[in-house]
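Just so you know, these numbers come straight off a predicted model, no measurement behind them. Order of the sequence lines fixes the chain letters, A, B, ..., with proteins taken first and strands second; residue numbering starts at 1 for each chain.
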2 protein chains.
Amino acid sequence: MTTSLTRSEEDHIKAIHGLQQAGTSAFTKDIADRLHTKASSVTDMLKKLAEKGLVKHAPYYGATLTTKGRRQALMLVRKHRLWETFLVQRLGFGWDEVHEVAEQLEHVGSEKLVERLDEYLGRPAFDPHGDPIPDAQGRFPERVTLPLVDCAVGERIRLVAVKDPSDSLLHLLNEKGIGIGLEAEVRARQDFDGSVELRTKQGPVHVVSGRVAEHLLMERR
Amino acid sequence: MTTSLTRSEEDHIKAIHGLQQAGTSAFTKDIADRLHTKASSVTDMLKKLAEKGLVKHAPYYGATLTTKGRRQALMLVRKHRLWETFLVQRLGFGWDEVHEVAEQLEHVGSEKLVERLDEYLGRPAFDPHGDPIPDAQGRFPERVTLPLVDCAVGERIRLVAVKDPSDSLLHLLNEKGIGIGLEAEVRARQDFDGSVELRTKQGPVHVVSGRVAEHLLMERR
DNA sequence: AATTATTTTTAGTCAAGCCTAATTTTCACC
DNA sequence: GGTGAAAATTAGGCTTGACTAAAAATAATT
């Protein structure tokens, strides 16, 4: 059962979910920035959400979602992405126009509405941005991924995970400005050393060695 | 251009619109009852809306919408009825389950969303309850009506207006419990005097004389 | 016309969510 | 280890939209 939250509570839960990576916690300042509010307001809300059992708040060390909080967050993500799918697929919105409207629609509270919408859209696994849509139990669809080193020239792909991430590898990717969600096209591949040349949507071209390309798990799009 | 209002402001505008008949004004108590709040809260809001130029507030004598307020109200009615149509027609909701959800959806603010939804639904003129949907300019669709006296036996009809309503006629209708929106089926008609027998959905049977039946404008459903 | 009942308004309070300013804590760097 | 910058928290205040209780206005009844 999912408790009924206020608009502001939901916004905070979602922000924490978005900022919190595996293991890491979300910091007050980052949450405030995301919601266009101030740190002090966030502290208030974290206390409130901690009392409700949705968030674990370690003062000065950030916040993480509890199991209960994560379930709420996943249902919000589910609603957001289903509405985005509806707006693009059925109402003909552009993929770049839907965020703000979905932001409002996701707060409409009706289990039945969400289930019916999901069904109506054909239970889509991914939204128009390519992001996965959790099911009613909060499970994400399986990703079909392959290492960048095995991608063919010309394929349009997206980075969805890094295999066995060592500190030095993450540092290298960070240096190059390569992160999860990067969308690109394979421009060239050298058989000699397995190195790959990518052109991103936004313009910059990246060249990564074969050793690196083995670790980058891509998804076709 | 329609100003952006808070949820509570919109709720009040809509309540006033719903209570206010042609000419009449909406009373504080009735607004409070409809919104499940208290009269004093409504007084506060009426002052605020009057300052914004959406409502004309005659203290102790009720409130009426200004032209600006009425435009806002019509857009809310438009959104509400379009969403109800969507829920029933596309998501398979029952006509009796949609009100609460539509109540939330109608507050989502995006002109574009409403226009696209309208288009997607095929610009419907009436919602699943048979209520007319205003267009983007706030105009209601024309009703196709015919006097009850001309309705054939077996027709399923609804009372949408009373032609040339005299006080005595309205009194008679009130006595019989016949009002706008009444849904019924024509069970019999006497050629001798034009009198008509109706059976309503809710059970009771009404018999009205030919003289009365001339004044009752019905719509097929 | 006076009294009573009802409705409306006014006055003062409260919680939710935000804010600013001041204080406390943490962390990075010398 | 001490110091300063950044971040987080606390303290106190404001606005919105609700409330209760009391006062005022209107309507109804005798």
Boundaries of the DNA chain C segment in contact with chain B, non-hydrogen, under 4.0 Å
C:dT8 to C:dT10
Residue pairs passing the ring-ring contact (aromatic ring centres under 6.0 Å, His included) test where at least one lies in residues 98-120 of chain B, sequence neighbours excluded:
B:H80-B:H99
Residues 29-64 of chain A vs ring-ring contact (aromatic ring centres under 6.0 Å, His included), sequence neighbours excluded, gives none
Name all residues meeting the side chain to side chain contact (heavy atoms under 4.5 Å, CB included) criterion together with [X]; count only those two or more places apart in sequence or in a different chain, and write none if there are none.
{"X": "B:K38", "result": "B:S40, B:S41"}
{"X": "B:L172", "result": "B:K176, B:V212"}
{"X": "B:A136", "result": "B:R78, B:E115"}
{"X": "A:D33", "result": "A:K29"}

Atom CG in B:L117, atom CZ in A:R90: separation rounded to 0.5 Å?
13.0 Å
Applying the salt bridge (charged side-chain N to carboxylate O under 4.0 Å, His left out) test to A:D118, which of A:R123, A:K112, A:R81, A:K79 qualifies?
A:R123
Nearest-Å distance, CG (B:D11) to C1' (D:dA18)?
13 Å
What's the CG-P distance between B:L46 and D:dA18, to the nearest Å?
12 Å
Any residue in residues 12-19 of chain B with a heavy atom nearer than 4.0 angstrom to DNA chain D? Just list them by number, or reply none.
B:H12
May I ask you to list the residues of residues 26-40 of chain A, by number, that have any heavy atom positioned under 4.0 Å from an atom of DNA chain D?
A:F27, A:T28, A:K29, A:A39, A:S40
For D:dC19, does OP1 or OP2 lie under 4.0 Å from any side-chain N or O of B:S41?
yes
Pairs touching residues 208-219 of chain A that satisfy salt bridge (Lys or Arg N to Asp or Glu O under 4.0 Å), sequence neighbours left out:
A:R143-A:E219, A:R158-A:E219
Within residues 52-66 of chain B, the residues having a heavy atom closer than 4.0 Å to DNA chain C are B:H57, B:P59, B:Y60
When you check the gap from the basic side-chain N to the acidic O, do A:R7 and A:D11 get nearer than 4.0 Å?
yes
Side chains of A:F27 and A:L19 in contact at under 4.5 Å (non-hydrogen atoms)
no
In a table with atom names and distances, give each donor-acceptor pair under 3.5 Å that connects a side chain of residues 43-50 of chain A to protein atoms at least two apart or in another chain.
{"residue": "A:T43", "atom": "OG1", "partner": "A:A39", "partner atom": "O", "Å": "3.2"}
{"residue": "A:K48", "atom": "NZ", "partner": "A:E9", "partner atom": "OE2", "Å": "2.9"}

Going through the checks in order, is the side chain to side chain contact (heavy atoms under 4.5 Å, CB included) test met by B:L5 and B:L54?
CA-CA 11 Å; B:L5 303 177; B:L54 296 162; 3.8 Å; yes
